[in-house]
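What follows is a short report on a single structure.
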Amino acid sequence: MIYGIEAASFHVPSLYLEIKDLAEKRNIEPAKLEKGLGLHKMAFPDVHEDAATFAAEALLKLIKDNQLNPKDISRIYLGTESAIDAAKPTATFAMQMVETVLEKDFGKRCFKNCDVVDMTFACVGAVDALQNCIDFCRANPGKKAVVIASDYAKYELASSGEYTQGGGAVALLLSDNPRLLEIENTYGVATESVFDFFKPRRNALKSDLSSATEFMPDKIEIFTDEPVFDGQYSNQCYQDRIREAYEHYKEQTGIEKPYENWRYLIFHLPYAFHGKRVFTEIYSSENGLSYQSPEEQKAVAKSEDYLKFINEKIEPSQRASSEVGNMYTASIFMALLSAMQVSYDENENLEDQKIGFLAYGSGSKAKVFTGKVGESWKEAVQKWNIFESLKNRKAIDFETYEKLHRKQLKSSVNPNYKGFGLKSIETENPLSLGARFYDFQ
């Protein structure tokens, strides 16, 4: 039996900011971001949107596009680092939203017997969920599982990470009918506990909070969307873990140069050009090239052979990232969708070709594994229309962007939005303080 991805769907917020507009306001040369990092647009959530609504949109689309019976789905595992509650999984909010829409066709609580949970390890959490759920399908032939990667990458205004922001979700249907991609059961893994990027609990005094009640303790723990990070250190950790995981993968498979067998290399992309930059070290090692000094590293990156390699095996996976920005856990899967969409649009036959994944999550862990494209992959890809979909978003100006970032707006920017939305957050009753309620329009 073979196992893997049967179908996939995605959701990206309907709003975006042009990177050149951000660059001009922050006194950054636009070419540095556009040509240097591959950034063109930043997807940004509207007032009513969050990681739960992203996940719900992707899940509902997956079910409708593939005419699934939700009662046949045994698991919904969500990879995210944008959880909206410290105890209740974000996946339960998404599940409940979708149940409400499907009730007329499948009755109440159509996911009643579905196992639902969140998995978190920065940007690699959804890959962990993928591996876990494929193992579940392998142990339970005939069962189906859904993995959702949903995140909102938000950084402090005017910080060095601001221009990499983005968000959205990708949903994957896993089964023993992997018409899109069979996932091979070998994983190279590398882990080290580091502090390159994290979201610590922060303390605030009750007296400083305008919404404080008599029931609250004097010192309040606060979770914020914006991370504490060291960009250069995080890049080095990414490169180190990827190299170690790649070597581990080679040890297990006995393949001398695995990447030569891969049609595409799929990376977690904090920004569009990140994958091609971090792979230079592995490429140099595999080809006997010196990589000691910065000058040698630049020479490798600009060599004719490496540029040809990038154009063939990495560039198509970057295209969606350039239009969306960092999707955290979802970025590696959006890179996969981007590459396969390009092949579909160019009428390339991918059947039986290998695709290599190089996943990374800060904190830190990397996983390297391989998938083989299924014989019916075009049936799955033809439903996506990624690049056409991205053309139908609404541009926002810089002033609106900053107000959304600061949560200063009360009503949604896009009046034509149709779908899931956050309706209210309970702020009056101390027993349910922070409870979130969603609806569908």
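What you see below is based on every heavy atom in this structure, not just the backbone, and it leaves out hydrogens, waters and symmetry mates.
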**Report entry** Nearest non-hydrogen partners of Ala339 and Tyr264, listed with the distance
**Finding:** O-OH, 3.5 Å
**Report entry** Electrostatic pair Arg26:Glu402 at N-O distance under 4.0 angstrom
**Finding:** yes
Query raised in the report: Taking it one step at a time, do Lys394 and Asp46 satisfy salt bridge (charged side-chain N to carboxylate O under 4.0 Å, His left out)?
Result: CA-CA 11 Å; Lys394 177 181 176 63; Asp46 209 334; over 6 Å; no
**Report entry** Pairs involving residues 141-178, ordered by first then second residue, that meet ring-ring contact (aromatic ring centres under 6.0 Å, His included) (sequence neighbours left out)
**Finding:** Phe44-Tyr152, Tyr155-Phe229
Report summary line: Checking Tyr306, Phe273, Phe309 against Phe279 for ring-ring contact (aromatic ring centres under 6.0 Å, His included), the one that qualifies is Phe309
Query raised in the report: For residues Ser175 and Glu6, is any side-chain donor paired with an opposing acceptor at under 3.5 Å?
Result: yes
Query raised in the report: Quick one: do Asp305 and Lys308 make a salt bridge, cutoff under 4.0 Å?
Result: no
Report task. Give me the one residue out of Leu336, Leu172, Thr370 that meets side chain to side chain contact (heavy atoms under 4.5 Å, CB included) with Leu181. Result -> Leu336
Query raised in the report: Which residue pairs pass the ring-ring contact (aromatic ring centres under 6.0 Å, His included) test when at least one of the two sits in residues 56-76, sequence neighbours left out?
Result: none
Report summary line: Sorted by chain and residue number, the ring pair (Phe, Tyr, Trp, His ring centres under 6.0 Å) partners of Tyr233 (sequence neighbours excluded) come out as none
Query raised in the report: Just wondering, are more than 12 heavy atoms of other shown residues or ligands nearer than 6.0 Å to CD in Gln441?
Result: yes
Report summary line: Heavy atoms of Gly167 and Pro13 approach each other most closely as O-CD, 3.3 Å
**Report entry** More than 12 heavy atoms from other groups under 6.0 Å of NZ on Lys143
**Finding:** no
Requested in this report: Determine whether more than 12 heavy atoms belonging to other residues, nucleotides or ligands lie under 6.0 Å from atom NZ of Lys383.
Outcome: yes
**Report entry** SB check Lys25 Glu162 (cutoff 4.0 Å)
**Finding:** no
Report task. Show your reasoning for whether ring-ring contact (aromatic ring centres under 6.0 Å, His included) applies to Tyr360 and Tyr238. Result -> CA-CA 6 Å; Tyr360 176 75; Tyr238 186 128; 4.8 Å; yes
Query raised in the report: Which pairs pass salt bridge (Lys or Arg N to Asp or Glu O under 4.0 Å) with one or both residues in residues 102-116, sequence neighbours excluded?
Result: Arg75-Asp115
Query raised in the report: Any Lys/Arg nitrogen of Asp85 or Arg436 sitting under 4.0 Å from an Asp/Glu carboxylate oxygen of the other?
Result: no
Requested in this report: Give the intermediate values and the outcome of salt bridge (charged side-chain N to carboxylate O under 4.0 Å, His left out) for residues Glu184 and Lys372.
Outcome: CA-CA 7 Å; Glu184 298 182 356; Lys372 186 172 74 171; over 6 Å; no
Report summary line: Rounding to 0.5 Å, atoms CD (Glu296) and OG1 (Thr280) come to a distance of 12.0 Å
Requested in this report: Tell me, please, which residues at least two apart from Asn385 pass side chain to side chain donor-acceptor pair (under 3.5 Å).
Outcome: none
Query - Residue list, side chain to side chain donor-acceptor pair (under 3.5 Å) with Arg319, at least two apart or on another chain - result: Glu315
**Report entry** Tyr187, OH atom: more than 12 neighbouring heavy atoms under 6.0 Å
**Finding:** yes
Query raised in the report: Does a salt bridge link Glu295 with Lys298, judged by any charged N lying under 4.0 Å from a carboxylate O?
Result: no
Query raised in the report: If every non-hydrogen atom of Ala43 is compared with every non-hydrogen atom of Arg393, which pair is closest and at what distance?
Result: CB-NH1, 4.0 Å
